[in-house]
2 protein chains.
Amino acid sequence: MMEKQLNLSKNQKIIFDLIDKSSEPMKAYSILFNVQKKGIKAPLQVYRALDKLVEIGKIHKIESRNAFIACQNSSCQISKTTAFSICESCEKVTEIKDNKLAKYLTNFSDNTGMNYKKYNLEFFGLCKKCKRK
Amino acid sequence: MMEKQLNLSKNQKIIFDLIDKSSEPMKAYSILFNVQKKGIKAPLQVYRALDKLVEIGKIHKIESRNAFIACQNSSCQISKTTAFSICESCEKVTEIKDNKLAKYLTNFSDNTGMNYKKYNLEFFGLCKKCKRK
DNA sequence: TTTAATATTGTTATAATATAACATTATGTA
DNA sequence: TACATAATGTTATATTATAACAATATTAAA
């Protein structure tokens, strides 16, 4: 579908491609190490690209891990509502796309009656592989 | 009720009391600054106490803010399931205690059939005060 | 199609967050 | 007591992230 990827700037594209190919969440300084051969030399260049990519929903930050993964929703829309499962053994992270869950959480209202258009949910446990061990 | 607080060590108690009195989440180095007069001089002393307090459920880490708040559940049990509302304007953080939400999330199973005994949920929006402005 | 606004880049320095490694002391428990 | 476990103290260092400033590229308006 290509979507908005064509609009990415040079650095944004380099960094998104790297994260998108990775099978696991990537940390900023690991990204930096991996793109130095492409001319991105400074942390700030990485963080700026990451900020933008998060802002436009191409990647998400896994807050509990300070790491970044590509959005796994085929649509890759700007996403303010995110949910992930994180294996506490192998650190595998999977984005959860579940309409019921999303609906439940966007409709949730707290004891003050407030509700929220934006959330981040991180589930922790053992993935199937690690459970077997 | 007092609970387990009596079991806290010296540093743990100093740091818990500080966080518990604070009206807002506290960051590690702000904690450090505030307890130096009580003899806690090094970051590691703070982080060790924080780790323990998180482990026993007396405090929670707000992952998106790298900050810590006292558990607001009266029971102060070991809590692996946490939910917070965060005001993106004034940064006020409130712990959400909602049995239905907790039940929904602990019973949630992803598309692989996995479910999870531990999660952290952070809602973002504007608190009532900030909404009015 | 120049102009003006906005976004992106490059660069150096530094701030903020967190842990490693090792020695010592305190506490709980057999 | 004595043994194990937990907590402390200390120095150094690793990791994560932003400030500040200058230059270039891209977009959109006049």
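Basis for what follows: all heavy atoms, side chains included, without hydrogens, waters or symmetry-related copies.
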Between [X] ([atom1]) and [N] ([atom2]), how many Å, whole number?
X	N	atom1	atom2	result
B:K10	D:dG9	NZ	C1'	9 Å
A:R65	C:dT17	CZ	C1'	16 Å
B:I14	D:dT8	CD1	P	9 Å
B:D51	C:dT19	CG	P	6 Å
A:E55	C:dA7	CD	P	9 Å
A:F16	C:dT8	CZ	P	16 Å
B:L32	D:dT11	CG	C1'	15 Å
B:Q36	D:dG9	CD	P	13 Å

If you compare every side-chain N and O of [X] against the phosphate oxygens of [N] (OP1, OP2), does one of them come in below 4.0 Å?
X	N	value
A:Y47	D:dA17	yes
A:K52	C:dA7	no
B:K13	D:dA7	no
B:K27	C:dT17	yes
B:N7	C:dT27	no
A:S9	C:dT9	yes
A:N66	D:dA17	yes

Scan the side chains in residues 28-50 of chain A for donor-acceptor partners under 3.5 Å anywhere in the protein, sequence neighbours excluded, and list what turns up.
residue	atom	partner	partner atom	Å
A:N34	ND2	A:S30	O	2.7
A:Q45	OE1	A:K41	N	2.9
A:Q45	OE1	A:A42	N	2.9

Mutual orientation of the aromatic rings belonging to A:F123 and B:Y119 [parallel < 30°, tilted 30-60°, perpendicular > 60°] | perpendicular

Under 4.5 Å between side-chain heavy atoms, counting indirect links through other Ile/Leu/Val/Met/Phe/Trp/Tyr residues: same cluster for A:I86 and A:I69 or not? yes

| request: State whether the side chain of B:K128 and the backbone N or O of A:T112 hold a donor-acceptor pair below 3.5 Å, judged by distance alone. | output: yes

Out of the candidates A:T106, A:N107, A:T81, A:D110, only one should pair with A:Y116 under the side-chain hydrogen bond (donor to acceptor under 3.5 Å, both in side chains) rule; please name it.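 Running side-chain hydrogen bond (donor to acceptor under 3.5 Å, both in side chains) over A:T106, A:N107, A:T81, A:D110 with A:Y116 returns exactly one hit, A:D110.
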
query: Could a donor-acceptor pair under 3.5 angstrom be found where the side chain of A:Y29 meets the base of D:dA17?
result: yes

Please determine, for the side chain of A:R48, which listed nucleotide (D:dA20, D:dG9, C:dA18) has the closest atom?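 The nucleotide sitting nearest to the side chain is D:dA20.
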
| Nearest of C:dT9, D:dA17, C:dA18 to any side-chain atom of A:A28? |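 From the listed options, D:dA17 comes nearest.
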
- Task: Can you see which heavy atom on B:R65 is nearest to which on B:E91, and at what distance?
- Result: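 The pair with the smallest heavy-atom distance is NE-OE1, 2.6 Å.
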
Of the options B:T82, B:I96, B:L101, which is the one that meets B:L121 in a side-chain contact (heavy atoms from CB on, under 4.5 Å)?
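The side-chain contact (heavy atoms from CB on, under 4.5 Å) with B:L121 is passed solely by B:L101 among B:T82, B:I96, B:L101.
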
Would you say CG of A:N99 has more than 12 non-hydrogen atoms from neighbouring residues, nucleotides or ligands within 6.0 angstrom?
no

DNA chain D contacts made by residues 37-46 of chain B, counting heavy atoms under 4.0 Å: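 Per residue number, the list reads B:K41, B:A42, B:L44, B:Q45.
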
